[in-house]
Amino acid sequence: AQSVSQHNHHVILSEAASLELGCNYSYGGTVNLFWYVQYPGQHLQLLLKYFSGDPLVKGIKGFEAEFIKSKFSFNLRKPSVQWSDTAEYFCAVNGPTSGTYKYIFGTGTRLKVLA
Amino acid sequence: DTGVSQNPRHKITKRGQNVTFRCDPISEHNRLYWYRQTLGQGPEFLTYFQNEAQLEKSRLLSDRFSAERPKGSFSTLEIQRTEQGDSAMYLCASSLGLGDGDEQFFGPGTRLTVL
């Protein structure tokens, strides 16, 4: 069965620190990969997505992620976090080769940025 | 606001009662998804519609759960004979349905508490 692992459940950083959140998936076929963010009191919003092509994808608010197929990973990065990045981050995958469009989500990483 | 809307936002019910939630997707979106999210977990897929056809159901969707999308517009999710284990956030998402990995847009969710 498909699964997504997010290894860091809680991360605390000071402003201007660099961020890397891990995401690994298990799925044998072609995948689409997503990072969503949920700010306090708000709904899930897409940060970035990977379908094909350049494995380094850039998203909104200075976030980027790198797809490494050999490692089944899609880690999220930001060079310098801000207090406003405090949120919960979810990695998700779907597998078009199986004909399913549903997302499989990781358990999420709760990020707190200290001002 | 032309995003995904869900009603009610909060529902408190007693065990054994039936509840119904409504989701209004973005108007031109063909696909509609229901997910359930419990504390400390990522959203888990429940079911999905392509227009009015329910094409996939999770094993999480017991016989007490039923979802409809008449006329391919809004959708309802009904839970009969609620149990305390049904307490969760129920999320609705929609997507254009043009390709394999099109982005899902999420609503604010309905938080269900079963006493």
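Below, read A as the first sequence line, B as the second, and so on, with proteins coming before strands; counting in each chain starts at 1.
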Any donor and acceptor pair, going by atom type alone, linking the side chain of B:Glu56 with main-chain N or O of A:Tyr101 inside 3.5 Å?
->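 No, the answer is negative, given that no donor and acceptor are paired below the 3.5 Å cut-off.
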With a 4.5 Å heavy-atom cut-off (strictly below), which parts of residues 36-43 of chain B touch chain A? List them by number.
->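 Within residues 36-43 of chain B, near chain A: B:Gln37, B:Gly40, B:Gln41, B:Gly42, B:Pro43.
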In terms of heavy-atom proximity below 4.5 Å to chain A, should B:Leu55 be classed as side chain, backbone, both, or neither?
->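 It is neither, since no heavy atom gets under 4.5 Å.
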Hey, any chance B:Trp34 and B:Phe74 share a hydrophobic cluster, counting ILVMFWY side chains that come within less than 4.5 Å of each other, even indirectly?
->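 No, because B:Trp34 and B:Phe74 fall into different hydrophobic clusters, even though each may have its own neighbours under 4.5 Å.
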Transitive ILVMFWY side-chain link B:Val114 to B:Leu61, under 4.5 Å |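 Same hydrophobic cluster.
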Check side-chain hydrogen bond (donor to acceptor under 3.5 Å, both in side chains) between B:Arg9 and all other residues, then give those that pass, not counting sequence neighbours.
->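 B:Arg9 satisfies side-chain hydrogen bond (donor to acceptor under 3.5 Å, both in side chains) with no other residue.
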Relative to chain B, which segment of A:Gln38 carries a heavy atom at a distance below 4.5 Å: side chain, backbone, both, or neither?
->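 It is the side chain, since no backbone atom gets that close.
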Kindly indicate whether the side chain of A:Tyr36, heavy atoms from C-beta on, has any atom under 4.5 Å from the side chain of B:Glu103.
->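 When only atoms from C-beta onward are counted, B:Glu103 and A:Tyr36 do touch, with a gap below 4.5 Å.
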Using a heavy-atom cutoff of under 4.5 Å, enumerate the residues of residues 106-115 of chain A that contact chain B, numbered in order, or state 'none'.
->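 Near chain B, by residue number: A:Gly106, A:Thr107.
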What pairs with A:Phe67 under ring pair (Phe, Tyr, Trp, His ring centres under 6.0 Å), at least two apart in sequence or on another chain?
->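 With neighbours one apart ignored, the set is A:Tyr50.
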About how many Å separate CG of A:Asn94 and OH of B:Tyr33, when rounded to the nearest 0.5 Å?
->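 Going from OH on B:Tyr33 over to CG on A:Asn94, the span is 7.5 Å.
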Using the ring of each side chain (for Trp, its six-membered ring), is A:Tyr103 parallel, tilted or perpendicular to B:Tyr35, with breaks at 30° and 60°?
->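 Plane angle between 30° and 60°, so tilted.
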